[in-house]
Every structure is written in structure tokens, then in C-alpha cells.
Amino acid sequence: MTETVSVQDNIPIEVFETLRHAFEDFQVRSEQLERAYLSMQEDFKKVNLDLERKNVELENSLAERKTLERQLQQASAMAALGEMSATVAHEIRNPLGAMGIWAGLLERDLDPQDPRRKTLGKITDGLAKLNKIVTNLLVYTRPIASDLRKVRLAALLEEIVDFTEIEIERLGRNIKVEKNLAGAGDIFVLADPEKINQATINLCLNAVQAMEEGGTLSVSAEMEESGKYAVFTIEDTGSGIDRENLGKIFAPFFTTKEDGTGLGLAIVKKIIEFHGGKIEIKSELGVGTQVICYLPGA
């Protein structure tokens, strides 16, 4: 019979304990290395994600910088164009005025039955239209000089409504005017009354022109829920604006009217934005148009 001898039987106890401790130490170190490796993997993933995020931010920053550079170039070009337009308009205005005076004098000296009076009348009308274009161009291109002060919004709008009613009567239009200003008595804005009047008159007259067959013109004012903006709205039940033109409505020289200059709404937008406000237009063809103006409350 053969006797079985274990490895431990042939190894001194000191050597066996040393080997056992070494093996246990190896296992501990292996586990530590594994945890360290897994931790390094997580750190690597975090670093990689952070690099990807920073790369995206850098790309967005470069794209934003390019966009800003293009906007700056466009703004510089527009500023140069505006300065040139203002200079040209100023130089044209005086000769236009003189031509209008001379045409008026010639028309006065002609017999009422003289057929040339009709031709002179057309010349006078054309000169008046050119003068209107030049005047609007000067208003649009020149920096706005303002006298800002705290004013009651309802009082401004009341004055404009009164003027508009006179114009409606003069034109003989069957237009009903509705004022919803009863709750706006305590609303104040920091504004230049003359400039706001100019913008609001333009909007009201646009509304009147859109209602050749009659309709309703509504003027209202209220405070925005946040309390930051005073809001006034001018609404008509006129011809409306088609969707294609709605996006171009504030572009300088864009107009759908035969005798329009295309600068009226551009000037209105400039005035409202100069006051730190904003303007929105909602319209539906054949239904009407709603113009909403926001001015910072005072």
C-alpha cells in the first residue's frame, strides 16, 4: 500500500506560511489593481466626456463668433449705407422743395381750364411723394434724438384716437372706433411722447387704410402679467396681411401699397425698440391685423 504525502508535509511550516501570506497579499493587491483599473476607466470616461463637451462648446463658440462677425459686418455696411442715404436725402430735400414751390407758382398762373394744370398737378403730387420718401428716409437713418420722461400711456393713446377719428371722418370711411383704456389709467411708461405719437399714428392710419369698406378699429392698453411691460394693441378688421408678406413687413422699403414708401413700419419698429420695447404683428388675410407694442413700464 502506497502512502499519500501532502505538499504541506514536505514543506517546512515557516515556508508554507510565507507562501500563504504572499498569496493572500497577491489577491489583495490584485483586487486593488482591479479597482484602480476600473476607477481609471471611469475617470477616463469622464475626461473623454468633458473633452467632447468642451469640443462642442468650442465649436459653438467658433460658430457664434463667425455669426457675430457676419452681423458686425452687416451692421457696419448698414451704418455706412444709412450715413450715405442720409447725406443723399438731405441733399435732395432742398431741390425737391424748390421744385414744388415753382410747380405751385406755375399752376397758380395758369388758367383753370388750361390742360397743362393737370400735368402740373401730377408733377406736384409726384414731388410731394418724393418729399415724403426723403423725409421718412431721414427719420429712419438718423439717430433718434429723444426727450424721455414718465408719461401716462392712456393719455397718449387718447390723443391718437382723437386724431384718427378726425381722419376717418375726413376720408368718409364707415369705421367704428373702440377704446379699451379704462383700466390703463395708472399705467406709466418712460417715453418720448412725440416719438410714441409718431409711431402710434402710423399704426392707426395703416389700420384705417386697410379698411376701405369699413370695419372696426380697436385700441387697448394693459400691463403685462410680469409687470415689466406696458402693452398697447391696435387692431383692425381690414384686409389683413398674407403669411408670405408677414415676415417682410418691417423690412425697409417693403410695401404692398401703390403709394407706400415702405418705411412706415420700419420707423415704428425703430422707435419702439429705441424705447427698450418690442413689437409683434398678427394678421390673417381677409380677417384683419393686430399690432401689439410692448414698452417698459415706469
Side-chain angles (χ1 to χ4, degrees), residues 135-136 139-140 144-212 214-241 246 249-250 257 260 263-284 287-298:
T135 300
N136 284 340
V139 172
Y140 181 72
I144 294 178
S146 64
D147 178 21
L148 296 177
R149 56 184 184 271
K150 185 177 179 179
V151 293
R152 193 184 300 271
L153 181 59
L156 287 178
L157 296 177
E158 287 276 6
E159 184 179 340
I160 303 306
V161 170
D162 291 342
F163 174 85
T164 305
E165 287 177 328
I166 294 171
E167 183 65 12
I168 290 170
E169 186 177 345
R170 186 186 71 81
L171 293 172
R173 299 275 176 92
N174 182 26
I175 296 175
K176 178 184 177 183
V177 179
E178 294 182 348
K179 292 186 291 185
N180 300 303
L181 304 173
D186 295 327
I187 297 177
F188 289 86
V189 292
L190 188 65
D192 182 329
E194 182 183 343
K195 298 297 186 296
I196 296 299
N197 281 354
Q198 180 183 356
T200 313
I201 286 173
N202 197 314
L203 294 175
C204 286
L205 294 183
N206 280 352
V208 170
Q209 291 171 9
M211 295 186 286
E212 292 184 1
T216 301
L217 171 65
S218 302
V219 180
S220 61
E222 61 183 356
M223 203 69 192
E224 193 188 38
E225 288 184 9
S226 67
K228 183 179 179 181
Y229 288 101
V231 184
F232 68 91
T233 303
I234 296 170
E235 187 172 1
D236 66 68
T237 58
S239 55
I241 306 165
L246 197 57
I249 205 72
F250 291 116
K257 304 173 186 175
L263 285 169
L265 284 176
I267 291 172
V268 170
K269 186 173 185 286
K270 181 179 180 180
I271 290 172
I272 296 297
E273 290 182 347
F274 170 80
H275 283 80
K278 55 185 178 180
I279 181 170
E280 296 175 357
I281 291 187
K282 300 176 182 178
S283 187
E284 186 176 344
V287 176
T289 300
Q290 185 183 57
V291 183
I292 308 161
C293 299
Y294 299 79
L295 292 174

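What's counted below: heavy atoms across the whole structure, side chains too, no hydrogens, waters or symmetry copies. Note that this is a predicted model, so its numbers are computed, not measured.
- Side-chain atoms of Leu203 and Leu265, non-hydrogen and from C-beta on, do get closer than 4.5 Å to each other.
- Using a distance-only test at 3.5 Å, with no hydrogens or angles considered, a donor-acceptor pair links the side chain of His275 to the main chain of Asp192.
- Counting only heavy atoms from C-beta outward, the side chains of Asp186 and Arg152 approach each other to under 4.5 Å.
- Residues Met211 and Thr237 come closest through the heavy atom pair SD-N, 3.5 Å.
- Within the 4.5 Å cutoff, side-chain heavy atoms of Phe250 are placed close to those of Ile279.
- Within 6.0 Å of atom NZ in Lys176, 12 or fewer heavy atoms from other residues, nucleotides or ligands are found, so the atom counts as exposed in its surroundings.
- Atom CD1 of residue Ile267 and atom CZ of residue Phe274 lie 14.5 Å apart, to the nearest 0.5 angstrom.
- In this structure, Lys278 satisfies the cation-pi test against Tyr229, with its NZ or CZ atom closer than 6.0 Å to the six-membered ring centre and inside 45 degrees of the ring normal.
- In this structure, CG in Leu171 is found 10.0 Å from CD in Glu212, a value given to the nearest 0.5 Å.
- Taking CG of Asn174 as the reference point, atom OG1 of Thr216 lies at 9.0 Å (rounded to 0.5 Å).
- Taking 4.5 Å as the limit, some side-chain heavy atom of Cys204 sits within range of a side-chain heavy atom of Ile234.
- Shortest non-hydrogen contact noted between Ile160 and Ile201 is CD1-CG1, 3.5 Å.
- Between Glu159 and Asp162 the shortest side-chain heavy-atom distance does not fall below 4.5 Å.
- Nearest heavy atom pair, residue Ser220 against residue Leu157, reads O-CD1, 4.4 Å.
- Rounding to the nearest 0.5 Å places CD of Gln198 at 4.0 Å from CD1 of Ile271.
- From Ile249, atom CD1 reaches atom OG of Ser283 across 8.0 Å, with rounding to the nearest 0.5 Å.
- Rounding to the nearest 0.5 angstrom, the gap separating the SG atom in Cys293 from the CD atom in Glu273 is 10.5 Å.
- You'll find the side chain of Leu156 stays beyond 4.5 Å of the side chain of Thr200, heavy atoms only.
- With contacts defined as side-chain heavy-atom distances shorter than 4.5 Å, the pair Ile272/Leu295 qualifies.
- With respect to Lys228 and Glu224, no salt bridge is recorded, no charged nitrogen being found less than 4.0 Å from a carboxylate O.
- Under the 4.5 Å side-chain criterion, counting only non-hydrogen atoms from C-beta, Ser218 is not in contact with Gln290.
- The two atoms that bring Ala199 and Val268 nearest to each other are O-CG2, 3.6 Å, heavy atoms only.
- Between Gly297 and Met223, the shortest heavy-atom contact is CA-CE, 3.9 Å.
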Taking it one step at a time, do Glu169 and Ile166 satisfy side-chain contact (heavy atoms from CB on, under 4.5 Å)? CA-CA 5 Å; Glu169 186 177 345; Ile166 294 171; 5.7 Å; no
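- In this structure, Gly214 and Ile175 approach most closely via the heavy-atom pair CA-CG1, 4.1 Å.
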